[in-house]
Amino acid sequence: MKSPLLATLAGRFGAKSDPDAGVTGRFYLLFPDFTPLPFRAPKVYLSVTRGWFRRCGRCATIQVFPQEIIEPPQAGLKKERISVMKNAKISRRSFLKAGAVASAVGMLSAAPVAAHAAEGDASAAADEENGLLDVFKKPKYVFLFIGDGMGTAQIQSARFYKGTVDNNGAVTEADLSFTSFPQVGSVTTYDSTSFCPDSASTATSIATGHKTESGVINMCPWTRDVPYETIAEKLHAQKGYKVGVISTVNIDHATPAAFYAHQKTRKNYYQIGVELANSGFEYFAGGEFQKVNGDGTGPDNHTVAANAGYNVVTTQAGAAALTAGAGKTLIIAENLGDGKSMNYAMDAAGGEWQLTDYVKKGIELLNNKKGFFLMTESGKIDWACHANDAAASIHDVLEMSNAVQAAVDFYNAHPNETLILVTADHETGGMAIGYKTTNYDTFLTNLAHQKMSYAKFDSTYVQGYIANKTPFETAMQDVKNVFGLTLPTDPAAASAGKLLLTDYEVENLRKAYERTLEVGAASQKEMSQQDYELYGTYIPFSMAICHTINHKSGMDHTTYAHTGAMVNIYALGVGAEKFRGVFDNTEIYHKLAELTGVQ
């Protein structure tokens with residue numbers, strides 16, 4: 001009895017006579033020198049692949065071995081010359097693709113063995129067939145989510161927080177929309193200058209497959225005179241995909257810019273905005289341009305975009321009114337927070353659009369028969385972790401999970417055409433779950449008492465304290481209301497639980513408050529080592545509050561900058577299996593390029 005696997009492979013790969021016959025035709029057009037054998041045992045196939053892999057190594061080009069005579073494993077079989085490749089060299093990417101196809105041909109060569117193994121198990125054969133044929137699938141709809149600064153601790157803290165808060169303090173881990181994806185990998189993030197890279201260089205690696213210096217966007221390192229073309233630009237130009245770029249921070253910030261701009265320094269904000277308008281990408285959404293008016297001698301970035309044919313939308317109602325067919329669109333969020341970015345998720349007002357809303361609108365505007373590529377950055381995870389604000393980070397990770405779910409919903413309607421990737425450019429803050437004084441415990445429900453981010457606390461309260469020289473005890477009433485931290489002298493101290501401050505903690509907060517009134521935020525070079533380690537370049541009082549509630553919750557940070565920790569990548573959909581294992585962030589680009597067929 002002929003197995004379903006054998007029958008399918010024979011039907012799809014066995015007839016070379018018709019080059020237009022679907023998958024078979026595409027196979028022979030790509031690899032005309034492969035010839036299916038009438039019968040060869042697995043050792044024949046292995047003799048080909050061993051030679052191939054033995055000679056290739058890991059290099060930019062691969063010297064392919066000449067035609068070989070392969071001895072059959074059984075006596076009496078005639079020697080057969082197999083032409084493996086005519087060209088002397090192939091690219092590493094083409095080699096990988098050819099290797100995958102060779103696997104399919106090898107399976108056909110060993111067909112009698114496969115047929116015997118698959119006898120009476122049609123469903124298993126069908127599964128195996130699908131795995132072999134995945135090599136020919138190309139994702140039509142590609143979602144790339146980048147949690148800026150989102151290391152494993154940022155993800156895990158969000159899972160633990162949600163699990164314990166939703167279950168009355170029980171030690172329960174919650175799932176996020178992407179943590180159950182079937183394929184997971186680990187990614188290195190270093191750049192040309194540091195093991196603790198910045199967002200410009202790491203986003204360049206993801207977008208182009210090239211390393212560069214920290215602070216450089218899509219230009220070669222050191223000389224900075226050769227631009228790199230991005231995966232988004234290639235899909236747009238070569239495949240006709242529509243392209244969208246979303247960020248919760250400024251739309252010209254380093255990570256979103258790395259998909260459309262090419263600059264010697266990430267600080268060329270106005271020029272980055274001009275490149276945005278010239279990209280021709282169909283959808284942009286995020287915070288305001290950082291230097292929208294440039295030097296004042298030319299049109300602002302909004303006008304530049306409008307002159308390039310973009311609908312420039314600056315209200316939520318205007319964004320909601322957009323429908324498919326609206327044309328090229330740039331949405332600047334109506335409700336802006338610190339640094340002219342979108343608000344932290346925990347600071348957003350009821351009904352205010354968050355990341356999920358912009359992803360849903362992007363899907364609506366980009367969806368078309370040719371396909372689309374949508375890069376979505378949750379940038380304020382990074383900003384929260386720079387400021388060591390664990391609660392703000394957790395809420396933005398949870399909102400990113402909601403945004404990914406919008407893509408998963410789309411995937412469920414297009415499972416054979418969609419690829420979703422969720423990763424990070426680097427880790428920020430050196431976040432740790434566990435602290436010295438909480439020993440083997442965490443008390444993450446403490447963070448549920450924090451009602452706003454450090455940034456909103458600064459703008460809502462601290463600026464007034466500085467202007468009015470508000471007494472420390474008065475300020476601490478606001479701290480109690482916003483963070484739950486309670487002085488021992490407070491009338492409600494007996495009911496404060498884990499948030500009751502010790503004398504040591506009160507003294508630390510008092511010193512930070514005094515420095516806030518006297519100095520405020522300062523640059524590192526203007527601070528003593530002790531003050532910088534305590535407060536970074538932030539408002540001292542706000543940093544002392546964040547550190548105190550973090551520590552009482554069983555969390556901590558090692559830095560106000562980035563770390564060299566590896567980050568995860570989660571994959572779902574067509575080609576997802578390529579993203580498992582351990583690899584460098586440059587490989588994200590190469591794997592996407594291989595899957596989509598761009599050059």
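In what follows, every heavy atom counts, from backbone to side chain, and hydrogens, waters and symmetry copies are set aside.
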Are [X] and [Y] packed together at the side-chain level, in the sense that at least one heavy-atom pair is separated by less than 4.5 angstrom?
| X | Y | answer |
| --- | --- | --- |
| V479 | F541 | yes |
| L421 | L419 | yes |
| I331 | L322 | yes |
| V482 | Y461 | yes |
| Q156 | I433 | yes |
| L144 | F373 | yes |

- Item | Aromatic plane relationship, H562 with H386 - under 30° parallel, 30 to 60° tilted, over 60° perpendicular |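 Rings of H386 and H562: tilted, 30 to 60°.
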- Item | Ring geometry between Y538 and Y454 (parallel below 30°, tilted from 30 to 60°, perpendicular above 60°) |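 Aromatic pair Y454/Y538 classed perpendicular.
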Does a donor on one side chain sit under 3.5 Å from an acceptor on the other, for [X] and [Y]?
| X | Y | value |
| --- | --- | --- |
| D198 | S201 | yes |
| S177 | Q405 | no |
| T428 | H426 | yes |
| Q271 | Q263 | no |

Rounded to the nearest 0.5 Å, what separates atom [atom1] in [X] from atom [atom2] in [Y]?
| X | Y | atom1 | atom2 | value |
| --- | --- | --- | --- | --- |
| E213 | D191 | CD | CG | 8.5 Å |
| S453 | D338 | OG | CG | 6.5 Å |
| I206 | M375 | CD1 | CE | 9.5 Å |
| E275 | N301 | CD | CG | 11.5 Å |

- Item | Residue pair H557, H547: steps toward the ring pair (Phe, Tyr, Trp, His ring centres under 6.0 Å) verdict | CA-CA 9 Å; H557 297 78; H547 291 159; 7.4 Å; no
- Item | Residue that, paired with K211, satisfies side-chain hydrogen bond (donor to acceptor under 3.5 Å, both in side chains) out of D584, T202, T204 | D584
- Task: Taking the six-membered ring of Y270 (Phe, Tyr or Trp), confirm whether the NZ or CZ of K291 is under 6.0 Å from its centre and within 45° of its axis.
- Result: no
Please determine whether a side-chain nitrogen of the Lys or Arg among [X] and [Y] lies less than 4.0 Å from a carboxylate oxygen of the Asp or Glu.
| X | Y | answer |
| --- | --- | --- |
| K511 | E514 | no |
| R510 | E473 | yes |
| E173 | K162 | no |

- Task: Applying ring pair (Phe, Tyr, Trp, His ring centres under 6.0 Å), run through F143 and F372 and close with a yes or a no.
- Result: CA-CA 8 Å; F143 294 87; F372 64 74; 5.3 Å; yes
- Message: Is it the case that the side chain of Y560 and the backbone of Y535 share a donor-acceptor pair, with hydrogens and angles ignored and the cut-off at 3.5 Å?
- Response: yes
- Message: I'd like to know if the side chain of N367 reaches the main chain of E364, judged simply by a donor and an acceptor atom lying under 3.5 Å from each other, with no hydrogens or angles considered.
- Response: no
- Would you check, one step at a time, whether the test side-chain hydrogen bond (donor to acceptor under 3.5 Å, both in side chains) holds for D300 with T303? CA-CA 5 Å; D300 63 41; T303 302; 3.0 Å; yes
- N412 CG: over 12 foreign heavy atoms closer than 6.0 Å: yes
- Task: Carefully, step by step, assess T164 and T445 under the rule side-chain hydrogen bond (donor to acceptor under 3.5 Å, both in side chains).
- Result: CA-CA 7 Å; T164 192; T445 53; 5.7 Å; no
- Message: Checking Q529 against E533 for the side-chain hydrogen bond (donor to acceptor under 3.5 Å, both in side chains) test, could you report, in this order, the C-alpha distance in whole Å, the side-chain angles of both residues, the deciding distance, and whether it holds?
- Response: CA-CA 6 Å; Q529 179 179 346; E533 288 187 4; 3.1 Å; yes
- Query: Step by step, would you call S180 with D175 a side-chain hydrogen bond (donor to acceptor under 3.5 Å, both in side chains)?
  - Reply: CA-CA 7 Å; S180 59; D175 273 331; 5.5 Å; no
- Stepwise ring pair (Phe, Tyr, Trp, His ring centres under 6.0 Å) test for H253 and Y269: CA-CA 8 Å; H253 217 268; Y269 301 124; 7.5 Å; no
